[in-house]
Amino acid sequence: MKRTFSERLAILSDAAKYDASCASGGTEKRGGKDGKGLGSTERSGICHAFTPDGRCVSLLKILMTNFCIYDCAYCINRISSGTERARFSVEDIVWLTLEFYRRNYIEGLFLSSGIIRSSDYTMEELVRVARVLRLEHGFRGYIHLKTIPDASPELLAEAGLYADRLSINVEMPTEQGLSQYAPEKSAAGIRGAMGHIRQRMEAATEKAPSGRKAPRFAPGGQSTQMIVGADAATDHDILSSSSTLYTGYRLRRVYYSAFSPIPDASAKLPLIRPPLLREHRLYQADWLFRFYGFDFQELTAGRPDGMLDLGMDPKLVWALDHRAMFPVDVNRAEREMLLRIPGIGPRSVGALLSARKHRTLRLEDLERLRISLRKVRPFITTPDWRPVRLTDRVDLKALFAPPPAQLSLL
Amino acid sequence: MWRDHARRLLKHGVPPERVEWRVRSAQDDLFAEGEAVADVAAGAGGTVRRDCLGLLRRILCHTSEDRFALAYRVLWRSLRQPDLLRVATDPDIAAAGYLARQIRRDVHDMKSYVRFREKRSPGSNMRHFLAWYEPEHHILELVAPFFSGRFTDMNWLILTPKGSIAQDDAACVVTREVCVRETVEDETEQLWHTYYRSVFNPARIKLKAMRSEMPRRLWKNLPETDLIPEMLVAAQRRDFVP
Ligand code: SF4
């Protein structure tokens with residue numbers, strides 16, 4: 001029996017939801033004044049809705065098809081899973097993207113696919129959607145294409161011509177994890193493709209000696225995802241992997257996806273509730289790396305089991321492990337040190353630095369910047385404040401969000 | 001207009017403490033700041049920096065009763081102390097920054113949560129779309145360029161209690177007249193419902209995160225939020241973990 005459009009949409013979006021990526025920013029700025037075509041991009045992207053799982057809906061995130069010839073244990077679309085299958089045509093996806101876009105539901109499209117026939121065939125279909133959107137419909141919204149690891153360089157080049165972002169998921173934080181759960185995928189193949197994308201991206205921003213510019217290539221960069229909690233990798237393993245991905249492959253974002261039990265799960269997988277709190281701590285660590293100048297190693301160095309403290313924000317844990325460096329004088333300390341004060345973010349640091357050129361900062365000044373005095377007091381000094389001693393973990397724990405319990409059911 | 005009053009006051013050197021700004025009613029259009037404030041300091045013997053003008057433009061969109069007095073104080077003081085804006089801890093700058101952030105949030109929400117519905121328009125070769133939205137502040141002029149730069153090949157109209165933005169082949173027009181709600185049915189919304197239901201992962205429930213990003217006051221105008229209770233019930237029934 002032929003399924004309706006809506007039924008296929010349900011299957012293909014359900015199958016895509018385990019990918020956490022939703023970014024729609026960080027690309028070139030586009031907009032149109034000439035009345036032709038449709039769409040624009042914003043510097044920082046826009047979330048158009050949130051679902052009760054706390055994730056944002058920014059792009060139409062779907063698979064072209066959830067048929068797949070591979071057998072990755074963690075994936076609902078693996079060949080051995082009993083899930084319902086469906087497929088959209090290129091025209092279906094183009095139509096849906098444009099109609100959703102016109103109603104302001106989305107910023108654009110995030111298209112991925114199970115692997116059918118061959119890597120090249122699958123990649124060719126994905127590229128065709130992007131090409132039709134850009135060339136036939138003048139679509140200027142955001143396009144994120146999933147890259148099929150072994151697809152040919154020509155297809156990759158064309159993908160980069162139309163897409164804002166490309167991504168390949170490393171899936172597992174370690175090579176052992178990958179070979180255990182995704183026997184057909186190779187870590188070397190994935191890294192090779194990432195390196196290739198990086199080279200093309202860099203070439204596109206440089207001028208060749210001849211003065212000719214290389215063709216456009218994914219100005220929004222590349223991203224990847226790691227599944228957290230399905231294998232034995234520690235937070236230290238995961239963050240080391242992130243470190244390589246950010247510095248070695250210049251990834252724009254690494255997403256961490258708490259392993260979420262899927263219907264009809266493979267017997268190889270652990271039976272746990274999704275480790276949401278662990279995922280949250282990893283994102284905090286990632287944030288500290290990207291915006292606060294922390295090294296990943298610093299965050300797990302003091303942890304005997306290589307795991308971040310579930311009960312406390314990693315920045316606070318770091319401060320407590322380095323209490324000799326506090327309290328910090330907010331009127332004198334360098335930017336790097338101000339960024340390390342628990343309870344103060346990059347925006348406040350910017351404001352403090354510029355304000356203190358004009359006056360000596362006191363507690364009331366911090367309050368005006370809406371910095372929580374309750375949180376920062378133990379870590380700072382001002383002319384009108386000096387903490388007696390740095391309180392211990394137990395006292396400070398109460399200052400930051402109380403930790404929900406995280407249970408393994410086994 | 002605030003700009004005209006402010007310009008006259010500056011010209012005569014009237015300091016902020018000697019001015020009392022009053023709004024006659026909540027909807028007083030006399031003070032609506034549709035147009036730019038660029039030349040507000042013309043003839044006052046001094047220049048106002050661009051970032052200061054940007055800040056003034058934002059705080060004047062705010063519905064706070066204090067906005068006119070605050071804007072004039074910031075303007076008056078910046079003419080005498082050009083780097084005033086850098087002093088984020090100054091009480092006036094902190095207050096202005098706070099209002100500006102609320103405006104930025106309101107603009108951001110409007111870009112996110114306007115939902116267009118298609119209005120059948122037989123005989124026209126352009127498609128027509130209609131939206132009803134309730135912004136908190138007077139931000140229509142600030143967001144209009146976003147919508148007109150994006151929805152370029154269709155005609156559309158956004159109605160709000162604070163005015164409207166309309167675009168047809170000719171131009172994009174912002175009005176300040178109070179609009180009444182108008183709704184049309186659009187079949188495609190059913191597909192949006194299907195999508196919203198399907199991308200939700202019932203194994204992870206994070207309601208606080210959802211509510212902090214998608215404020216409750218907006219829910220009544222969003223086509224998808226009605227589905228949330230039923231999605232949560234279904235999530236509880238679904239038993240993933242043996
Ligand atoms: S290749 Fe693996 S992860 Fe990708 S759809 Fe197929 S089974 Fe799933």
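Residue numbers start from 1 in every chain, and the chains themselves are labelled A, B, ... in the order their sequence lines are given, proteins ahead of strands. These figures come from a predicted structure and were not determined experimentally.
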Asks: Side chain, backbone, both or neither: which part of B:Leu232 has a heavy atom under 4.5 Å from chain A?
Replies: side chain
Asks: Give, as side chain, backbone, both or neither, the part of A:Arg362 having an atom under 4.5 angstrom from any heavy atom of chain B.
Replies: neither
Asks: Above 12 or not: heavy atoms from other molecules or residues under 6.0 Å from CD of B:Glu187?
Replies: no
Asks: Okay, side chain of A:Ser13, backbone of B:Tyr195: is any donor-acceptor separation there less than 3.5 Å?
Replies: no
Asks: To check you understand the geometry: which heavy-atom pair defines the closest contact between B:Asp186 and A:Arg103, and what is its length?
Replies: OD2-NE, 2.7 Å
Asks: Where does A:Arg370 contact chain B at under 4.5 Å (heavy atoms): side chain, backbone, both or neither?
Replies: side chain
Asks: Salt-bridge test for A:Arg102 and B:Glu118: reply yes if a basic N is under 4.0 Å from a carboxylate O, no otherwise.
Replies: no
Asks: Would you please test A:Arg140 and B:Thr152 for side chain to side chain contact (heavy atoms under 4.5 Å, CB included) and show each step?
Replies: CA-CA 10 Å; A:Arg140 293 180 301 263; B:Thr152 33; 2.8 Å; yes
Asks: Non-hydrogen atoms of chain B under 4.5 Å away: do they reach the side chain of A:Leu60, the backbone, both or neither?
Replies: both
Asks: Excluding sequence neighbours, so at least two apart, what forms side-chain contact (heavy atoms from CB on, under 4.5 Å) with A:Cys56?
Replies: A:Cys22, A:Cys47, A:Phe50, A:Ser58
Asks: Take A:Arg55 and B:Met210 through the test side chain to side chain contact (heavy atoms under 4.5 Å, CB included) and record every step on the way to the result.
Replies: CA-CA 7 Å; A:Arg55 283 181 168 166; B:Met210 169 180 73; over 6 Å; no
Asks: At their closest point, which heavy atom of B:Met214 faces which heavy atom of A:Ala49, and how far apart are they?
Replies: SD-CA, 4.1 Å
Asks: Check each atom of A:Ala15 against the heavy atoms of chain B and say whether the ones under 4.5 Å are side chain, backbone, both or neither.
Replies: neither
Asks: Look only at the side chain of A:Asn104 and the backbone of B:Phe116, and say whether a donor-acceptor pair between them is shorter than 3.5 Å.
Replies: no
Asks: Can you tell which of B:Met231, B:Arg117, B:Lys208, B:Arg127 has the highest number of heavy-atom pairs within less than 4.5 Å of chain A?
Replies: B:Arg127
Asks: Mind listing the closest non-hydrogen atom pair of A:Ser40 and B:Arg150 along with its distance?
Replies: OG-NE, 2.9 Å
Asks: Go through B:Asp90, B:Leu222, B:Ile228 and name the one with the most non-hydrogen pairs under 4.5 angstrom from chain A.
Replies: B:Asp90
Asks: With a 4.5 angstrom heavy-atom cut-off, is it the side chain or the backbone of A:His358 that approaches chain B, or both, or neither?
Replies: side chain
Asks: So, does A:Asp53 use its side chain to make a donor-acceptor pair with the main chain of B:Phe200 at under 3.5 Å?
Replies: no
Asks: Identify the heavy atoms of B:Pro202 and A:Lys17 that sit nearest to each other, and give their distance.
Replies: CD-NZ, 3.9 Å
Asks: Tell me every residue that passes side-chain contact (heavy atoms from CB on, under 4.5 Å) with B:Thr89, counting only those two or more places apart in sequence or in another chain.
Replies: A:Ala355, A:Arg359, A:Leu361, A:Asp365, A:Leu369, B:Val87
Asks: B:His62: what forms a ring pair (Phe, Tyr, Trp, His ring centres under 6.0 Å) with it, not counting sequence neighbours?
Replies: B:His137
Asks: When only pairs under 4.5 Å are counted, which of B:Pro91, B:Ala88, B:Ser198, B:Ala131 shares the most heavy-atom pairs with chain A?
Replies: B:Ser198
Asks: Would you mind checking which part of A:Ala16 comes under 4.5 Å of any heavy atom in chain B, side chain (CB onward), backbone (N, CA, C, O), both or neither?
Replies: neither
Asks: If you define the side chain from C-beta out and look only at heavy atoms, does anything of B:Lys111 sit under 4.5 Å from A:Glu42?
Replies: yes
Asks: Could you name the residues of residues 92-108 of chain B that have a heavy atom within less than 4.5 Å of a heavy atom in chain A?
Replies: B:Ala94, B:Tyr98, B:Arg101
Asks: Can you name the nearest heavy-atom pair linking A:Leu9 to B:Leu191, along with the distance?
Replies: CD2-O, 3.4 Å
Asks: When the ring planes of B:Trp192 and A:Tyr105 are compared, do they come out parallel, tilted or perpendicular, using 30° and 60° as the limits?
Replies: parallel
Asks: Search all heavy atoms of B:Thr194 against all heavy atoms of A:Ala10 and return the closest pair with its distance.
Replies: CG2-CB, 3.8 Å
Asks: Do the side chains of A:Leu276 and B:Lys206 get nearer than 4.5 Å, heavy atoms only?
Replies: yes
